[in-house]
Amino acid sequence: MWTVDLSKVLTAEQKAAEARAALQARYSAAIQAHLDARARARQYDGIQTAITYRGDPNPQFSAEGEALFAWRSAVWTYSTAELLKVIAGERPQPGVKEFMAELPVFEWP
């Protein structure tokens, strides 16, 4: 007789949670790559390195670090709020490219 192994059964709730995690991971990776690419445009290793230059004695580095820090915050604030709307069914899920076009624009100081 065949027996169901309940440890391998996924509930609808578990499937939904996995789908949310996959959605967040896909968009988060694209957003992080976008942030890092912008910092690399000025020869920083990535956004994490660039923001450490806030308050640097070199005025240009300091200004760039500060601007990237503020922009990073704006990007994650916007993206987190919008992805929560997608998960809640309050807005349709955009493609990654379309979503990236919605993110706050960065201007170098």
Side-chain angles (χ1 to χ4, degrees):
M1 175 186 246
W2 182 70
T3 309
V4 175
D5 182 353
L6 295 177
S7 69
K8 295 183 181 181
V9 173
L10 290 179
T11 65
E13 217 173 72
Q14 290 169 318
K15 287 180 184 179
E18 286 179 6
R20 282 192 302 274
L23 170 83
Q24 289 174 321
R26 187 171 68 234
Y27 285 83
S28 290
I31 293 163
Q32 189 62 52
H34 178 66
L35 295 170
D36 287 334
R38 182 66 64 196
R40 287 185 189 117
R42 292 281 172 101
Q43 307 306 312
Y44 295 104
D45 294 335
I47 192 115
Q48 295 290 10
T49 300
I51 66 172
T52 66
Y53 283 88
R54 294 180 304 143
D56 193 86
N58 179 311
Q60 180 181 348
F61 294 164
S62 181
E64 290 174 353
E66 193 64 49
L68 286 163
F69 179 80
W71 177 63
R72 180 187 70 168
S73 180
V75 166
W76 283 115
T77 299
Y78 176 84
S79 62
T80 299
E82 293 304 306
L83 290 176
L84 286 173
K85 289 178 187 176
V86 169
I87 290 167
E90 297 171 5
R91 74 168 277 188
Q93 181 179 337
V96 173
K97 278 187 180 181
E98 291 80 16
F99 190 70
M100 300 305 289
E102 295 178 23
L103 297 178
V105 175
F106 181 76
E107 297 289 331
W108 289 104

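Quantities reported herein were computed from a predicted structural model and do not represent experimental measurements.
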Heavy-atom pair of closest approach, residues G55 and S62 =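 Scanning both residues completely, I find the closest heavy atoms to be N-OG, 3.1 Å.
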Taking all atoms of both residues into account, what is the closest heavy-atom pair of E98 and G95, and its distance?
->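 The answer is OE1-CA, 2.9 Å.
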Any side-chain hydrogen bond (donor to acceptor under 3.5 Å, both in side chains) pairs touching residues 46-56, not counting sequence neighbours?
->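 Pairs touching residues 46-56 that pass the test: Q48-R72.
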Measure from the ring center of W71 to the ring center of F69 and say whether it is less than 6.0 Å.
->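 No; F69 has its ring centre 6.0 Å or more from that of W71.
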All side-chain contact (heavy atoms from CB on, under 4.5 Å) counterparts of [X], not counting sequence neighbours:
X: L103; answer: I31, H34, V75, Y78, S79, F99, M100
X: I87; answer: R20, L23, Q24
X: A50; answer: A39, Y44, L68
X: E13; answer: T11

Check whether any side-chain heavy atom of Q93 lies under 4.5 Å from a side-chain heavy atom of L83, and answer yes or no.
->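 Q93 does not reach L83 side chain to side chain.
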With the side chain counted from C-beta on, respond yes when P104 and T77 share a heavy-atom pair under 4.5 Å apart, and no when they do not.
->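 No, too far: nothing below the 4.5 Å cut-off.
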Would you please name every residue forming a ring-ring contact (aromatic ring centres under 6.0 Å, His included) with W76, sequence neighbours left out?
->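 W76: no ring-ring contact (aromatic ring centres under 6.0 Å, His included) contacts found.
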With sequence neighbours excluded, what pairs up with E82 under the side-chain hydrogen bond (donor to acceptor under 3.5 Å, both in side chains) test?
->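 Here the qualifying residues are K85, R91.
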Where at least one partner belongs to residues 21-49, residue pairs that pass salt bridge (Lys or Arg N to Asp or Glu O under 4.0 Å), sequence neighbours excluded |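 Every salt bridge (Lys or Arg N to Asp or Glu O under 4.0 Å) pair that includes a residue of residues 21-49, provided the two are not neighbours, is R42-E64.
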